[in-house]
There are 2 protein chains.
Amino acid sequence: MARGKSPTFELQRGAILQEAARLFADKGFHNASMAELAKACGVSKPLLYHYYRDKEHILFDIADSYMDQLLAIVAGVEAQDLDAEPQLAGLVMRFMEEYEHSQSQHVVLVQDVKFLQAAQEEYVVGKQRKVVAAFADAIERVEPGLKARNLAKPVAMILFGMINWTFTWLRADGHFTYADMAPVVTAILLNGVRGLLKDGGGLPGATSQQELAASR
Amino acid sequence: MARGKSPTFELQRGAILQEAARLFADKGFHNASMAELAKACGVSKPLLYHYYRDKEHILFDIADSYMDQLLAIVAGVEAQDLDAEPQLAGLVMRFMEEYEHSQSQHVVLVQDVKFLQAAQEEYVVGKQRKVVAAFADAIERVEPGLKARNLAKPVAMILFGMINWTFTWLRADGHFTYADMAPVVTAILLNGVRGLLKDGGGLPGATSQQELAASR
DNA sequence: CCTACCGATCGGTAGG
DNA sequence: CCTACCGATCGGTAGG
């Protein structure tokens with residue numbers, strides 16, 4: 001008869017996951033060793049293999065469980081049935097709040113997911129696509145004219161650029177905080193998107209582009 | 001008397017550099033082997049060590065020479081003595097044009113520079129800081145009010161987020177091109193920054209932030 | 001005594 | 001849950 005797992009199994013696993021996220025984010029997946037991870041967790045290297053089959057499964061669990069967190073945030077904001085602009089602002093605010101406390105997970109997601117096997121990578125990327133679709137929908141509600149030009153998704157990716165890039169320059173202990181920057185990002189996005197469809201707003205084919213080409 | 005180096009030395013070195021950028025960007029610095037690089041270059045592994053002392057010097061040369069290219073673009077736009085908005089738009093346009101043709105170099109810069117020795121990393125980061133300062137100055141010229149709030153540099157980093165993140169979603173063969181997206185980014189930035197200092201623009205302390213906190 | 005370049009193998013360490 | 005190891009592959013260099 002199977003004895004079942006120790007009641008502390010999930011706790012230990014979670015501790016390993018958190019330490020691994022920190023280590024992989026800091027040193028990179030291939031430059032971080034299982035021996036280092038074992039030492040950081042205060043356990044032997046073979047014991048790590050009691051909780052995870054191999055190094056790649058740890059990477060997958062970091063990325064997959066983090067995507068579940070982000071999807072839960074999306075669902076939570078959508079359940080509030082907000083108007084278009086507060087909903088988009090809420091998504092940005094909630095994501096940046098989450099990012100502040102998940103820096104390691106996010107860095108791993110961005111820099112190491114490509115090292116997963118194709119099937120596992122695709123599984124994580126599928127969840128990422130759901131998040132992008134939710135943001136694109138929210139953007140489309142704010143500026144419905146973007147839909148006709150298929151610009152909702154590109155604008156969503158531009159927004160993700162603004163907030164995801166914060167990992168390279170925003171420090172939790174720095175002069176500016178995530179709470180400071182979330183409204184700035186929201187303002188740039190909302191003001192920026194509102195002006196996007198006007199004449200001279202800079203859309204492909206508008207005059208500003210040709211002026212730049214001429215000044216080359 | 002020193003005979004000097006072969007006339008093809010610099011050509012060979014440049015070819016290795018380009019191939020290494022492609023390989024490191026694709027597989028990551030630590031997951032790419034010198035044997036693979038040698039094979040991709042069509043030379044023996046020992047011959048690589050004739051052109052570069054070790055693997056890390058290749059990484060440094062990729063990042064450092066790429067930063068020189070970006071600094072040259074900044075200098076070129078500044079030499080045009082444009083008005084504030086055309087100058088900022090020009091910087092964005094030129095950088096995205098460059099990015100389109102330097103995807104590998106840019107990915108290496110973003111994901112692998114942290115693996116350099118501290119002194120070499122700091123050298124590259126110093127050049128990055130010059131680029132950021134140039135963009136922050138251009139942003140400040142467009143919206144001088146940002147200076148008092150020390151927001152020029154954060155807004156510059158938000159802009160770099162928009163354009164640097166394109167590496168994760170813009171494909172040279174995709175539906176949208178860099179040439180399509182540069183004006184969109186410029187429009188979002190210019191419209192966004194213009195509205196940033198107005199009441200209700202979403203700056204730290206503005207009502208929108210408190211509303212979101214209340215709706216939590 | 002230089003450079004250019006090879007096949008073979010070095011000392012160490014990776015994941016398991 | 002440990003010590004002790006493995007097959008393989010790493011970055012870098014030996015002799016010629």
Side-chain angles (χ1 to χ4, degrees), chain A residues 2-17 19-21 23-24 26-63 108 111-117 120-121, chain B residues 1-17 19-63 108 112-117 120-121:
Chain A
R3 281 172 55 207
K5 282 163 181 171
S6 157
T8 61
F9 184 88
E10 288 301 334
L11 277 173
Q12 274 269 43
R13 222 174 119 105
I16 290 169
L17 205 68
E19 209 59 54
L23 188 67
F24 293 173
D26 187 42
K27 308 195 68 177
F29 179 69
H30 282 105
N31 194 38
S33 72
M34 292 295 274
E36 280 177 298
L37 178 57
K39 194 173 179 182
C41 295
V43 302
S44 70
K45 187 155 64 100
L47 183 54
L48 291 181
Y49 291 86
H50 176 63
Y51 293 97
Y52 286 99
R53 178 185 313 189
D54 56 29
K55 198 184 181 188
E56 193 177 329
H57 277 68
I58 301 178
L59 174 57
F60 174 77
D61 202 7
I62 293 169
V108 170
Q111 78 181 5
D112 293 328
V113 161
K114 62 174 175 293
F115 297 128
L116 289 171
Q117 304 275 30
Q120 292 185 312
E121 180 182 1
Chain B
M1 226 180 288
R3 282 172 55 205
K5 283 164 180 170
S6 158
T8 61
F9 185 88
E10 290 299 335
L11 276 173
Q12 275 270 41
R13 222 173 118 104
I16 291 169
L17 206 66
E19 210 59 55
R22 218 187 320 259
L23 188 66
F24 292 173
D26 187 43
K27 308 196 66 176
F29 178 69
H30 283 105
N31 193 39
S33 72
M34 292 297 274
E36 280 177 297
L37 177 57
K39 193 173 181 182
C41 295
V43 301
S44 70
K45 188 156 64 98
L47 185 52
L48 289 181
Y49 290 87
H50 176 64
Y51 295 97
Y52 285 98
R53 178 185 314 190
D54 55 30
K55 199 183 181 189
E56 193 176 328
H57 276 69
I58 301 177
L59 173 58
F60 174 77
D61 202 6
I62 293 169
V108 170
D112 293 328
V113 160
K114 61 174 175 293
F115 297 128
L116 289 171
Q117 304 274 32
Q120 292 184 312
E121 180 182 0

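Computed over heavy atoms, backbone and side chain alike; hydrogens, waters and symmetry mates excluded.
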Contact between B/Lys55 and B/Phe29 at the side-chain level, heavy atoms closer than 4.5 Å - yes or no?
yes
C/dC5 phosphate, OP1 or OP2: any side-chain N/O from B/Ser44 under 4.0 angstrom?
no
If you draw a 6.0 Å radius around NZ in A/Lys39, do more than 12 non-hydrogen atoms from other residues or ligands fall strictly inside?
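No, not enclosed.
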Given D/dC1, C/dC5, D/dT3, the nucleotide with the shortest approach to the side chain of A/Leu47:
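Shortest atom-to-atom distance from the side chain points to D/dC1.
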So A/Phe24 and A/Ile58, do their side chains get closer than 4.5 Å, heavy atoms only?
yes
Under the side chain to side chain contact (heavy atoms under 4.5 Å, CB included) test, which residues partner A/His50, sequence neighbours left out?
A/Phe9, A/Leu47
Using the P atoms only, state how far D/dG12 lies from C/dA8, rounded to an integer number of Å.
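Approximately 22 Å lies between the P atom of C/dA8 and that of D/dG12.
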Same-atom distance (P) from C/dA4 to D/dG16, integer angstrom:
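C/dA4 and D/dG16 have their P atoms separated by 22 Å.
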Give every pair of a protein N or O atom and an N or O atom of nucleotides 8-12 of chain D that lie under 3.5 Å apart, one pair per line with the distance.
{"unit_1": "D/dG11", "atom_1": "OP1", "unit_2": "B/Ala32", "atom_2": "O", "d": "3.0"}
{"unit_1": "D/dG11", "atom_1": "OP1", "unit_2": "B/Lys55", "atom_2": "NZ", "d": "2.4"}
{"unit_1": "D/dG11", "atom_1": "OP2", "unit_2": "B/Met34", "atom_2": "N", "d": "3.0"}
{"unit_1": "D/dG12", "atom_1": "OP2", "unit_2": "B/Tyr49", "atom_2": "OH", "d": "3.2"}
{"unit_1": "D/dG12", "atom_1": "OP2", "unit_2": "B/Lys55", "atom_2": "N", "d": "2.9"}
{"unit_1": "D/dG12", "atom_1": "N7", "unit_2": "B/Lys45", "atom_2": "NZ", "d": "2.9"}
{"unit_1": "D/dG12", "atom_1": "O6", "unit_2": "B/Lys45", "atom_2": "NZ", "d": "2.0"}

Can you tell me how far P of C/dG15 sits from CG of A/Leu23, to the nearest Å?
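Whole-Å distance recorded here is 10 Å.
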Report yes if the side chains of B/Tyr52 and B/Leu17 come closer than 4.5 Å at any heavy-atom pair, otherwise no.
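A side-chain contact under 4.5 Å exists here.
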Would you measure the distance from the C1' atom in D/dG15 across to the matching atom in C/dC5 and give it in whole Å?
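Approximately 13 Å lies between the C1' atom of D/dG15 and that of C/dC5.
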Atom CD of B/Gln12 and atom OH of B/Tyr51: how far apart are they, to the nearest 0.5 Å?
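Here the interatomic distance stands at 3.5 Å.
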Between A/Lys39 (NZ) and C/dT13 (P), how many Å, whole number?
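For the pair A/Lys39 NZ and C/dT13 P, the rounded distance is 13 Å.
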Could you measure the distance from the CG atom of B/Leu116 to the NE2 atom of B/His57? Nearest 0.5 Å is fine.
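Answer rounded to 0.5 Å: 10.0 Å.
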Sort by first number and list every stem of DNA chain D: at least 3 consecutive Watson-Crick or G-U wobble pairs, both distances under 3.5 Å.
none
Interatomic spacing from CD1 in A/Ile62 to CD1 in A/Ile16 - rounded to 0.5 Å:
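It is 11.0 Å, given to the nearest 0.5 Å.
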